Amino acid sequence: NMAIARVMRDALEKAGFPRDCVALVEDTTRQSATELMQLSDYLDVLIPRGGAGLIKSVVENAKVPVIETGVGNCHIYVDKSADIEMAKNIVFNGKTSRPSVCNALETLLVHKDIAEKALPVIKAELDKKNVEIRGCDRTKQILGDCVVPATEEDYRVEFLDYIIAVKVVDSLDDAIAHIQKYSTGHSECIVTSDYNSANEFTARIDSAAVYVNASTRFTDGGEFGLWFFLLFGLFRNFPSWCFTIELRLSVHLLRSVKSLLFKTRQKITSCQNNPFSRSNGIRRNNFSIFSALSSFSCRSCERNGLSESSSR
């Protein structure tokens, strides 16, 4: 940061501007940080980017308006109809691509009907990064003594490390209930090939970003084609500011995170079985991403791993 600030200040000076247009606080003590938070005569807004401790400190001590980011206890639920290979890849990406960030996967929920087949496959992939598994009794029965017994706190905490909490659930309802109890409202995902399960999950989960067959790691300004990350700053309580944002494949008019309208490409909406065509891309309670973002350009819903089914 010091090197970047120095280059920017030198460039400003060379261009004829005051070098102090860019300033960097080089004192990193808590005392100086607290003092900065209270400079209401000089600062318009604070955006804390860091761990839960920093965010809590800013909220408690700041006299300057704060755009609060939050803790990401993110979940992935593997439904009984899930493609196991897809689930393995999504879980591996969500947990290991960068475990120290707020959009990393922290808790994995697996339907009991697929757990015996899916969990060993997922564990073998996570072993590549030596991920510690903290699981329920049924997880331990399937995977053996390598599983550390999970505590209540393990399902609440943001590990920010190569550690994952795992629980086998009886149904989609149980998975939703678990997420509603422990989620911090950041990002949740269902891996499924059942359209109805996907629709129910996205309708009932009230988090900032809800995914079908996509990693929680997509919750990022760069991935959405934005130059800023403020979109998810306040999660479900994002104020009713108005932005017009052009993404890679969509144009979004954002009134709030609770009312996000999608105008999608015709080749996506033309597929009768695609969730976009049924919902018209409008979610009442959250920002729902139907299908993996990397597969948005597909010609049919089968490429997204979604099929029409009445089963749950």
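On a predicted model such as this, the values are computed, not experimentally measured, just so you know. Any value given below was found using the heavy atoms of this structure, including those in side chains, with hydrogens, waters and symmetry copies removed.
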### Message
Run S183 and H75 through side-chain contact (heavy atoms from CB on, under 4.5 Å) and show every step you take.
### Response
CA-CA 8 Å; S183 173; H75 298 74; 4.1 Å; yes
Determine whether more than 12 heavy atoms belonging to other residues, nucleotides or ligands lie under 6.0 Å from atom [atom1] of [X].
X    : atom1 : answer
D137 : CG    : no
Q180 : CD    : yes
Q38  : CD    : yes
Q31  : CD    : no

Using a distance-only test with no angle check, is there a side-chain donor-acceptor pair under 3.5 angstrom linking [X] and [Y]?
X    : Y    : result
N93  : R217 : no
Y182 : E152 : yes
T192 : S81  : yes

Please confirm whether the backbone N or O of [Y] pairs with a side-chain atom of [X], one donor and one acceptor, at under 3.5 Å?
X    : Y    : result
E106 : C74  : no
T202 : N199 : yes
K63  : S40  : no
R9   : V22  : yes
D127 : N130 : no
N103 : T219 : yes
S32  : D27  : yes
K95  : Y162 : no
Y155 : V166 : yes
D154 : T151 : yes

Distance, nearest 0.5 Å, that separates [atom1] of [X] from [atom2] of [Y]:
X    : Y    : atom1 : atom2 : result
E132 : C146 : CD    : SG    : 10.5 Å
E13  : D20  : CD    : CG    : 9.0 Å
K80  : S171 : NZ    : OG    : 9.0 Å
M37  : R30  : CE    : CZ    : 9.5 Å
L24  : M8   : CG    : CE    : 10.5 Å

### Query
For L39, which residues count as a side chain to side chain contact (heavy atoms under 4.5 Å, CB included) partner, sequence neighbours excluded?
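Expected list: L36, Y42, L43.
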Membership question, hydrophobic clusters at under 4.5 Å side-chain separation (ILVMFWY): are [Y] and [X] in the same one?
X    : Y    : answer
V148 : I142 : no
I163 : L108 : no
V121 : L143 : yes
I164 : V157 : no

Does the side chain of [X] reach to within under 4.5 Å of the side chain of [Y], using non-hydrogen atoms?
X    : Y    : value
R19  : D10  : yes
S193 : M86  : no
H178 : Y77  : no
R134 : P149 : no
K167 : R138 : no
T216 : E188 : no
K128 : F92  : yes
D83  : V191 : no

### Message
Evaluate V168 against H111 for side-chain contact (heavy atoms from CB on, under 4.5 Å), listing each step before the verdict.
### Response
CA-CA 6 Å; V168 177; H111 193 286; over 6 Å; no
Residue pair [X] / [Y]: nearest heavy atoms and the distance that separates them:
X    : Y    : value
C189 : A214 : SG-O, 3.1 Å
N73  : R156 : ND2-O, 3.4 Å
L12  : C21  : CD1-CB, 3.7 Å
T184 : G72  : OG1-CA, 3.6 Å
V210 : S207 : CG2-O, 4.0 Å
L105 : T107 : CD1-O, 3.1 Å

### Message
Can you tell me which residue among I122, V147, L119 is in a side chain to side chain contact (heavy atoms under 4.5 Å, CB included) with I133?
### Response
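Only match with I133 under side chain to side chain contact (heavy atoms under 4.5 Å, CB included): V147.
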### Matching residue for I179 among L109, D206, I76 - test: side chain to side chain contact (heavy atoms under 4.5 Å, CB included)
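Output: one option passes, namely L109.
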### Query
I205 and E200: side-chain contact (heavy atoms from CB on, under 4.5 Å), yes or no, with the steps?
CA-CA 9 Å; I205 295 298; E200 183 169 351; over 6 Å; no
### Task
Over 60° means perpendicular and under 30° means parallel, so classify the ring planes of F218 and Y211, tilted if in between.
tilted
### With sequence neighbours excluded, residues passing salt bridge (Lys or Arg N to Asp or Glu O under 4.0 Å) with D44
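Salt bridge (Lys or Arg N to Asp or Glu O under 4.0 Å) check on D44 returns nothing, list empty.
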### Query
How far apart are the C-alpha atoms of D194 and D79, what are their side-chain angles, what is the distance that settles it, and do they pass the side-chain contact (heavy atoms from CB on, under 4.5 Å) test?
CA-CA 9 Å; D194 187 304; D79 190 37; 4.3 Å; yes
